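Just so it is clear, the structure is predicted and the values come from calculations on it, not from any experiment. Starting from 1, each residue takes its place in the sequence as its number.
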Amino acid sequence: MKKIKEWKLFDYHFIYLFVTMVTIGVGGFIIECFATGISKGYIDSRFQRLPCILGYGIVVILLYLVFGTPNKMRFFQKEIFRDKKSVPGRHFLYFLIVTLFIFLGEWGAGELFEWLTGAVLWNYSDVPLHIGKYVCLPFTLGFGAGAYVFMAFIFTPFMNLLESKMPPNVALVLCFVIGVPAVVDCLTTGVILACGKAPKILWRINFPWYKETEASASLARLLLK
């Protein structure tokens with residue numbers, strides 16, 4: 001148990017990175033519900049059993065492990081652009097890397113879901129500057145900018161706050177009580193997809209301004225089978 005508490009991945013202990021990953025997953029769930037509530041008039045379970053979309057947290061932790069942060073950029077263990085004169089270029093390069101990461105992730109996730117289940121989970125065809133169904137430049141650049149801002153200005157202060165204010169025993173308890181169930185939930189969804197089935201929407205709340213579209217109706221019929 002003591003080794004778990006002391007295990008560090010670069011600058012931070014594993015248990016605090018794990019807590020951060022789950023926290024971001026919960027935040028991603030809330031953001032997605034807010035977005036669908038405003039744009040489509042409903043909120044739902046987002047294909048999860050728990051209110052946590054762990055993919056958001058996994059992306060952030062992967063970015064940290066592979067590229068560090070814009071202020072302390074590296075490629076795995078090799079530090080790059082340490083010269084102070086390279087700060088603007090380093091930040092711009094990090095933004096490009098994050099944006100490409102999101103572009104490939106969104107395109108790959110959409111294509112994989114359609115290949116496994118036959119359903120089109122989202123469609124940007126009506127959005128200007130779209131690239132196929134699953135990627136459009138405005139959204140990709142927006143997500144990339146948001147991820148860059150988080151990694152540049154929020155990630156490090158948040159991690160430092162956790163490590164200085166949260167006792168290791170509390171972080172460890174959170175990992176087992178909240179983190180492990182979130183991982184199991186994420187893996188369950190992955191197994192369902194791997195079996196060629198669409199994970200079910202377990203609950204949905206429609207607001208008065210909700211209007212069913214053809215795409216959402218066809219997806220709902222698939223998920224309710």
Do Asn71 and Met151 come close enough that some side-chain heavy atom pair is under 4.5 Å?
no
Heavy-atom side-chain contact between Leu137 and Ile131 under 4.5 Å
yes
Rounded to the nearest 0.5 Å, how far apart are CD of Glu106 and CD1 of Ile102?
8.5 Å
Starting from Phe18, can I reach Ile154 by hopping between I/L/V/M/F/W/Y residues whose side chains sit under 4.5 Å apart?
yes
Does some side-chain heavy atom of Phe29 sit less than 4.5 Å from a side-chain heavy atom of Cys52?
no
Could I get the full list of salt bridge (Lys or Arg N to Asp or Glu O under 4.0 Å) partners for Lys197, not counting sequence neighbours?
none
Please tell me if the side chains of Arg90 and Pro70 come closer than 4.5 Å, counting only heavy atoms from C-beta onward.
no
Can a donor-acceptor pair be found, under 3.5 Å and without considering hydrogens, that links the side chain of Ser45 to the backbone of Leu202?
yes
With sequence neighbours excluded, tell me which residues meet salt bridge (Lys or Arg N to Asp or Glu O under 4.0 Å) with Arg74.
none
Under the side-chain hydrogen bond (donor to acceptor under 3.5 Å, both in side chains) test, residues paired with Asn206 that sit two or more places apart:
none
Looking at side-chain heavy atoms only, is the closest gap between Phe155 and Met159 below 4.5 Å?
yes
Check whether any side-chain N or O of Tyr16 sits under 3.5 Å from a backbone N or O of Met166 as a donor-acceptor pair, and report yes or no.
yes
Kindly write out the residues that satisfy ring pair (Phe, Tyr, Trp, His ring centres under 6.0 Å) with Tyr134, not counting sequence neighbours, or none if the list is empty.
Trp122
Interatomic distance, CD1@Ile201 vs CD@Gln48, rounded to 0.5 Å, equals 9.0 Å
Working note: Val60 + Met21, criterion side chain to side chain contact (heavy atoms under 4.5 Å, CB included); need CA distance, chi angles, decisive distance, verdict.
CA-CA 7 Å; Val60 168; Met21 181 177 70; over 6 Å; no
Would a hydrophobic clustering, with Ile, Leu, Val, Met, Phe, Trp and Tyr connected at side-chain separations under 4.5 Å, put Ile58 with Ile192?
no
Pair Ser125-Asn123, side-chain donor/acceptor within less than 3.5 Å
yes
Just how far is it from atom CD1 of Ile30 to atom CD1 of Ile43, taken to the nearest 0.5 Å?
10.5 Å
Cut-off 3.5 Å, no hydrogens considered: what does the side-chain donor-acceptor table look like for residues 170-182, sequence neighbours left out?
none

Find out if a path of hydrophobic residues (ILVMFWY) with successive side-chain heavy-atom gaps under 4.5 Å connects Val191 to Val183.
no
Set of salt bridge (Lys or Arg N to Asp or Glu O under 4.0 Å) partners for Asp44, sequence neighbours left out:
Arg46, Arg204
Carefully, step by step, assess Phe150 and Phe158 under the rule ring-ring contact (aromatic ring centres under 6.0 Å, His included).
CA-CA 10 Å; Phe150 181 85; Phe158 182 75; 7.5 Å; no
Is any side-chain heavy atom of Tyr56 less than 4.5 Å from a side-chain heavy atom of Glu32?
yes
Would you say Val19 and Leu161 are hydrophobically clustered, going by side-chain heavy atoms of ILVMFWY under 4.5 Å?
no
Side chain of Tyr210, backbone of Ile205: donor and acceptor closer than 3.5 Å?
no
Under the salt bridge (Lys or Arg N to Asp or Glu O under 4.0 Å) test, which residues partner Glu114, sequence neighbours left out?
Lys133
Walk me through whether Glu79 and Met73 qualify under side chain to side chain contact (heavy atoms under 4.5 Å, CB included).
CA-CA 6 Å; Glu79 293 186 358; Met73 196 172 176; over 6 Å; no
Transitive ILVMFWY cluster of Ile38 at side-chain heavy atoms under 4.5 Å: who else is in it?
Phe34
How are the rings of Tyr148 and His91 set relative to one another: parallel (under 30°), tilted (30 to 60°) or perpendicular (over 60°)?
perpendicular
Quick one: list whatever passes ring pair (Phe, Tyr, Trp, His ring centres under 6.0 Å) with His130, sequence neighbours left out.
none
So, using ring pair (Phe, Tyr, Trp, His ring centres under 6.0 Å) as the criterion, who are the partners of Trp209 when residues are at least two apart?
Phe207
In this structure, are over 12 heavy atoms from other groups packed under 6.0 Å from Trp203 atom CH2?
yes
For Phe139, the ring pair (Phe, Tyr, Trp, His ring centres under 6.0 Å) test, sequence neighbours excluded, returns Tyr124
Measure from the side-chain N and O atoms of Thr140 to the backbone N and O of Phe103, and report whether any donor-acceptor pair falls under 3.5 Å.
no
Side-chain atoms of residues 92-100: list all donor-acceptor pairs with protein atoms under 3.5 Å, sequence neighbours left out, distances to 0.1 Å.
{"residue": "Tyr94", "atom": "OH", "partner": "Gly68", "partner atom": "O", "Å": "2.7"}
{"residue": "Thr99", "atom": "OG1", "partner": "Phe95", "partner atom": "O", "Å": "2.8"}

Do the side chain of Glu163 and the main chain of His13 share a donor and acceptor less than 3.5 angstrom apart?
yes
Please tell me if the side chains of Trp107 and Leu112 come closer than 4.5 Å, counting only heavy atoms from C-beta onward.
no
Check whether any side-chain heavy atom of Asn160 lies under 4.5 Å from a side-chain heavy atom of Tyr12, and answer yes or no.
yes
Just how far is it from atom CZ of Phe47 to atom CG of Asp185, taken to the nearest 0.5 Å?
13.0 Å
Under 4.5 Å between side-chain heavy atoms, counting indirect links through other Ile/Leu/Val/Met/Phe/Trp/Tyr residues: same cluster for Ile24 and Leu50 or not?
no
Between Tyr64 and Phe10, does the side chain to side chain contact (heavy atoms under 4.5 Å, CB included) criterion hold? Intermediate values first, please.
CA-CA 9 Å; Tyr64 166 72; Phe10 296 104; 3.3 Å; yes
